[in-house]
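Data first, discussion second: the structure below is written as structure tokens.
Numbers restart at 1 for each chain; the letters A, B, ... are given by sequence-line order, proteins then strands.
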Amino acid sequence: MSSFSKTLLQWYRLNKRNMPWVGETDPYKVWLSEVILQQTRVEQGTAYYLDFIKHYPTVQHLAKASANEVMKRWEGLGYYSRARNMHATANVITQQLKGVFPDTPEGLQSLKGIGKYTANAILAYAYHKPYAVTDGNVLRILSRYQGITIPVNTPAGKKMVEALADRLLDKQLPHTYNQALMDFGSLVCTPRNPDCGNCPFRRSCYAFNHEMTAILPQKEKKRAAKTRYFNFFVMKSGNKVLIMPRHAADIWKALWQFPLIETAEEATLQDIQRSNVYKDWKLGKVQWEEAGTFKQQLTHRRLICRFFTGEIKTTPEIDGMQELVNRKEMERFAFPGVIRDFMKGKLYF
DNA sequence: AATTCGGGGCT
DNA sequence: AGCCCAGAATT
């Protein structure tokens with residue numbers, strides 16, 4: 001055992017976080033937890049994890065569920081390709097791999113939604129194999145510890161940290177070591193105001209000794225968020241309303257929405273009604289009512305979503321699948337958060 | 001190598 | 001407003 005690992009595990013014994021998947025060795029549950037936690041805080045993902053293992057205790061249960069049901073269960077968690085890939089992979093494992101998870105990095109990474117991090121996590125936690133995980137915590141800890149100044153959000157920087165992570169890994173206890181390192185990043189070596197006063201690595205940490213903790217890890221700036229203008233048309237017909245799935249390679253793919261016309265900038269209802277997309281719907285005369293504007297700030301998008309409600313007399317000619325549902329039936333479908341906001345806000349039909 | 005994919009919490 | 005979160009896939 002390296003002295004790094006010895007120090008880390010000593011810290012871990014006294015400070016470990018208690019989470020439902022800690023110590024889990026069922027590769028299905030390890031996989032589930034890792035996918036749910038991708039770019040997601042533990043506090044946000046935990047309830048989803050518990051809900052998923054409750055309703056889908058095995059990979060076979062998950063594979064058997066419908067895509068809509070899985071998406072509904074994922075609703076609100078974001079990055080919905082995770083749910084789509086997870087469901088597809090559950091079927092591959094059930095049908096092609098006889099229910100057995102691969103136990104090699106290549107085998108795991110050949111599955112949709114499993115990259116290097118998740119593959120290594122499964123190898124370490126489920127099979128106790130000597131693979132180091134490199135997530136946001138590890139990038140931060142090790143770039144500080146070693147004084148790595150290459151931006152960690154570039155391939156070169158990530159490679160550098162991964163090589164160091166491989167060297168420091170405790171090959172006897174990869175599962176405990178990896179978990180300990182991430183807990184340490186979450187509790188001590190935090191993004192802002194790290195608790196260096198209580199850090200057991202203080203004496204050997206490059207960043208601490210060179211007063212660089214505030215500037216490490218280095219990151220390349222991301223571009224500012226662009227604004228998109230979504231105009232949703234809530235088409236009512238009696239006690240039912242028309243919804244349709246999003247299918248394009250775009251945000252919220254496979255979630256449901258109201259018929260949408262996106263504009264390059266803020267537009268008036270008259271402008272939108274003059275557009276070819278609107279005309280092609282062939283709705284005839286509809287009395288639209290402005291029903292609210294909801295804004296949502298995402299990591300790289302700013303969304304301005306306007307909602308118009310109106311009673312339709314004829315079925316619109318819209319490409320793709322559509323469903324006419326009442327209020328209760330709508331609950332089976334997964335919607336983007338901003339549409340949920342709209343539906344929560346008022347009685348709209 | 002750069003961009004995209006959500007949503008929420010924190011400063 | 002900007003950053004970050006147990007990243008992966010696409011271009």
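Between A:Phe233 and A:Trp288, a ring centre-to-centre spacing shorter than 6.0 Å is recorded. For A:Phe307 and A:Phe294, the gap between ring centers is short of 6.0 Å.
With both ends at atom C1', the span from B:dC5 to C:dC5 equals 14 Å, rounded to whole Å. Comparing C:dC4 with B:dG6, their C1' atoms are spaced 14 Å from each other, to the whole Å. Rounded to whole Å, the separation between the C1' atoms of B:dG8 and C:dA9 comes to 23 Å. As rounded to the nearest Å, C:dC3 and B:dT3 have P atoms that lie 15 Å from one another. The gap from the C1' atom of B:dG9 to that of C:dA8 amounts to 23 Å, rounded to the nearest Å.
Of the two residues near DNA chain C, A:Ala224 and A:Lys158, the one whose nearest nucleotide lies more 5' is A:Ala224. The residue among A:Pro217 and A:Lys112 whose nearest nucleotide of DNA chain C lies closer to the 5′ end is A:Pro217. Residue-to-nucleotide proximity on DNA chain B shows that, of A:Asn193 and A:Pro155, the 5′-proximal contact is made by A:Pro155. Along DNA chain B, the nucleotide closest to A:Leu77 and the one closest to A:Glu220 are compared, and the more 5′ of them pairs with A:Glu220.
Annotation: side chain of A:Met321 is not in contact with side chain of A:His247 (no heavy-atom distance under 4.5 Å).
Residue-to-nucleotide contacts include a donor-acceptor pair under 3.5 Å from the side chain of A:Thr299 to the base of B:dG7. Between the side chain of A:Arg41 and the base of C:dC4 there is at least one donor-acceptor pair of N/O atoms closer than 3.5 Å.
Nucleic acid contact for A:Trp21: base, since at least one base atom lies under 4.0 Å from a heavy atom of the residue. Heavy atoms of A:Val42 sit under 4.0 angstrom from at least one base atom. Among the atoms of the strands shown, none is found under 4.0 Å from any heavy atom of A:Asn178. Counting any heavy atom pair closer than 4.0 Å across all strands shown, A:Lys219 reaches sugar-phosphate atoms only and no base atom. At a threshold of 4.0 angstrom between heavy atoms, the contacts of A:Met86 with the nucleic acid are absent. Using a 4.0 Å heavy-atom cutoff across all strands shown, A:Gly185 reaches no nucleic acid atom at all. Nucleic acid contact for A:Lys116: sugar-phosphate only, since backbone atoms but no base atoms lie under 4.0 Å from a heavy atom of the residue.
Between A:His300 and B:dC5 there is a side-chain N or O to OP1 or OP2 distance below 4.0 Å. At B:dG6, none of the side-chain N or O atoms of A:Arg301 fall inside 4.0 Å of OP1 or OP2 (strictly under the cut-off). Between A:Arg140 and C:dC4 there is no side-chain polar atom (N or O) within less than 4.0 angstrom of OP1 or OP2. In this model, the phosphate group of C:dG2 is not approached by any side-chain N or O of A:Lys221 to a distance below 4.0 Å at OP1 or OP2.
Using a distance-only test at 3.5 Å, with no hydrogens or angles considered, a donor-acceptor pair links the side chain of A:Thr40 to the main chain of A:Gln38.
Following rounding to the nearest Å, A:Tyr79 (OH) and B:dG8 (C1') show an atom-to-atom distance of 12 Å. A:Leu139 places its CG atom 12 Å from the C1' atom of C:dC4, with the value rounded to the nearest Å. As rounded to whole Å, 13 Å separates atom P of B:dG6 from atom CD of A:Glu75. A straight line from NZ of A:Lys159 to C1' of B:dA1 spans 13 Å, rounded to a whole angstrom. Spacing between atom CD of A:Gln297 and atom C1' of B:dG8 amounts to 12 Å, rounded to whole angstrom units. Across the protein-nucleic acid pair, A:Asn85 atom CG and B:dT4 atom P stand 19 Å apart, rounded to whole Å. Between the OH atom of A:Tyr48 and the P atom of B:dG8 there is a distance of 8 Å, rounded to whole Å. Here B:dG6 presents its P atom at 11 Å from NZ of A:Lys253, a figure rounded to the nearest Å.
Side-chain atoms of A:Tyr80 lie closest to B:dG7 of the nucleotides C:dA6, B:dC5, B:dG7. Among the nucleotides B:dG6, B:dG7, C:dC5, the one closest to any side-chain atom of A:Gln296 is B:dG7. Listed nucleotides: B:dT4, B:dC5, C:dA6. Nearest to the side chain of A:Met182: C:dA6. Proximity note for A:Trp252 (side chain, C-beta onward) versus B:dG7, C:dC5, B:dA1: the nearest is B:dG7. Comparing C:dA6, B:dA2, B:dT3 by their closest approach to the side chain of A:Tyr117 singles out C:dA6. Closest approach to the A:Arg192 side chain among C:dC3, C:dC5, B:dC5 is made by C:dC3 (side chain taken as heavy atoms from C-beta onward). In the set C:dA6, C:dC3, C:dA9, C:dA6 carries the atom at the smallest distance from any side-chain atom of A:Arg17. Side-chain proximity of A:Gln39 to C:dA6, C:dC5, C:dA9: nearest is C:dC5. Closest to the side chain of A:Thr118, from the set C:dG7, B:dC5, B:dC10, is C:dG7. In the set B:dT4, C:dA8, B:dG7, the nucleotide with an atom closest to the side chain of A:Gln38 is C:dA8.
Defined by atom type and a distance below 3.5 Å, a donor-acceptor pair is missing between the side-chain atoms of A:Gln218 and A:Ser143.
Separating the NZ atom in A:Lys313 from the NZ atom in A:Lys285 is a distance of 9.5 Å, to the nearest 0.5 Å.
Residue A:Phe201 is tested with A:Tyr206, A:Phe4, A:Trp11 for a ring pair (Phe, Tyr, Trp, His ring centres under 6.0 Å); the sole match is A:Phe4.
Using a 4.0 Å cut-off between charged side-chain N and carboxylate O, A:Asp250 and A:Arg228 make a salt bridge.
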